Each structure stands twice: as C-alpha cells, then as structure tokens.
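Just so it is clear, the structure is predicted and the values come from calculations on it, not from any experiment.
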Amino acid sequence: AGRRSGGEAWAPAVSLDGGLARELEARGHDLSDRLWAARRLLTGPGAVEAEDLRVVPVQLACIRSHLARLAGDAARAEACAREALSLVPDDLPPIAAAVLRGDATILVAYARLLAGDTVGASAALREARPLLVRGGNLVAASRAIARLSRLELEAGRPASARELAESAIAEAEAAGQ
C-alpha cells in the first residue's frame with residue numbers, strides 16, 4: 001500500500017482475468033460490454049461454472065508473488081511464482097494455460113532480478129515470451145523482450161539486444177500487430 005497526498009492508504013488494483021475473458025469469447029459468450037463479468041455472475045444458477053474458478057488459486061499465488069516483490073522479499077516472490085506455475089491445471093484450454101504460465105514465469109524473472117540473478121531472470125524471460133505470445137498477451141511479451149534486451153545491453157552484448165528487438169518487431173509485423 002502507498003499513501004496519497006491526503007494521507008489515505010491506497011493499494012494498486014489487481015486484475016484476476018488470467019485469460020478467462022479470451023476463453024469465454026472462444027466459447028461464444030457475449031463479452032461486448034464493460035460489465036461482462038458482473039453480468040455473467042448474475043445470469044442465474046450455474047452462471048459461474050466450476051471450471052471458471054479453477055484458475056483462482058493460480059491468480060492468488062501470482063498476487064502473493066507481486067506483493068512479496070513489492071516488499072523486497074525475492075525468495076518469497078519466487079516461491080509464490082513457482083507455486084502459481086505448479087497450480088495451473090493440466091486440462092485448461094491452451095490459451096488460458098499459456099496466459100497463466102506466461103504471467104507466472106514473468107514473476108519468476110522479476111523475483112530473480114530482485115535477487116540480483118540476471119542469468120536466471122534472462123532464462124525466465126526467454127521462457128515466458130512464447131507463452132505470452134501464445135496466450136495473446138503481446139503487451140507483456142513485448143515488455144519481456146524490452147527487459148531482456150536491457151539485460152543484454154547491461155551485460156555488454158548490444159548485438160544480442162538488437163537481434164531480440166528485431167525478431168520481436170518482425171514477429172509483430174508478421175502477426176499484423
């Protein structure tokens with residue numbers, strides 16, 4: 001939590017989507033308005049299916065990882081991120097699984113960075129990127145490439161940083177992004 005200028009406490013907002021919206025759209029659900037989640041909760045008995053709730057433990061572990069990182073606890077941040085990875089149900093639709101695994105793997109990278117392990121962070125960023133792309137989270141995938149490129153520059157490898165950036169641009173252009 002932080003403090004606003006008036007002294008009241010505040011905390012950052014956290015999204016618990018984890019690919020659910022994309023998966024529901026793929027199943028033909030109408031998510032055209034901003035309140036689709038509330039509408040889905042209110043549409044009657046069984047509106048929220050058990051399968052919709054299976055990802056909540058993963059998302060909560062990710063939130064705990066974020067909070068531990070913000071508190072400066074690299075070990076706990078990584079442990080929570082790895083817990084999130086272990087909690088992703090094996091039978092999730094591929095897009096939802098990729099989103100959750102990509103998000104959790106990015107959190108492993110951030111925890112490794114906090115611990116000063118740039119090699120481990122780089123490995124996690126390289127692992128997360130294709131998951132994020134597969135899950136359709138191109139913003140997070142781009143951020144992973146940007147952070148990875150920065151690590152390459154800091155390590156004195158500008159050619160590698162440039163290759164990463166150019167390959168990401170080529171992939172985005174090929175995908176029409």
Which heavy atom in [X] sits nearest to a heavy atom in [Y], and how many Å separate them?
X      : Y      : value
Ala121 : Ala109 : CB-O, 3.5 Å
Leu114 : Gly72  : CD2-C, 3.8 Å
Gly102 : Ala128 : O-CB, 3.9 Å
Ala84  : Ala104 : CB-CB, 3.9 Å
Pro57  : Leu87  : O-CD1, 3.8 Å
Ala68  : Arg76  : CB-CG, 3.6 Å

How long is the gap from [atom1] on [X] to [atom2] on [Y], to the nearest 0.5 Å?
X      : Y      : atom1 : atom2 : answer
Ile95  : Arg134 : CD1   : CZ    : 10.5 Å
Thr105 : Arg82  : OG1   : CZ    : 8.5 Å
Arg112 : Leu107 : CZ    : CG    : 13.5 Å
Arg126 : Leu148 : CZ    : CG    : 4.5 Å
Cys80  : Ile63  : SG    : CD1   : 11.0 Å
Glu127 : Ser122 : CD    : OG    : 12.5 Å

Should the pair Glu166-Arg162 be classified as a salt bridge under the 4.0 Å nitrogen-to-oxygen rule?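 A salt bridge links Glu166 with Arg162.
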
If the threshold is 4.0 Å, N to carboxylate O, is there a salt bridge linking Glu78 and Arg64?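 Here Glu78 does not pair with Arg64 in a salt bridge, since their nearest N and O are not under 4.0 Å apart.
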
Should [X] and [Y] be counted in the same cluster of Ile, Leu, Val, Met, Phe, Trp and Tyr side chains packed under 4.5 Å apart?
X      : Y      : answer
Leu113 : Ile106 : yes
Leu151 : Tyr110 : yes
Leu153 : Ile169 : no

Set out, in order, the CA-CA distance, both residues' side-chain angles and the distance that settles side chain to side chain contact (heavy atoms under 4.5 Å, CB included) for Glu83 and Val58, then state yes or no. CA-CA 8 Å; Glu83 176 188 11; Val58 180; over 6 Å; no

When you measure from the side chain of Ser167 to the backbone N and O of Glu163, does any donor-acceptor pair fall under 3.5 Å?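 At least one qualifying donor-acceptor pair exists.
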
Name the one of Val99, Val139, Leu125, Asn137 that satisfies side chain to side chain contact (heavy atoms under 4.5 Å, CB included) with Leu132?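 Only match with Leu132 under side chain to side chain contact (heavy atoms under 4.5 Å, CB included): Asn137.
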
Applying side chain to side chain contact (heavy atoms under 4.5 Å, CB included) to Leu85 and Val108, what does each step give before you reach the verdict? CA-CA 10 Å; Leu85 282 168; Val108 170; 4.2 Å; yes

How about Arg147: does its CZ atom have over 12 heavy atoms from other parts shown lying under 6.0 Å from it?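 Yes.
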
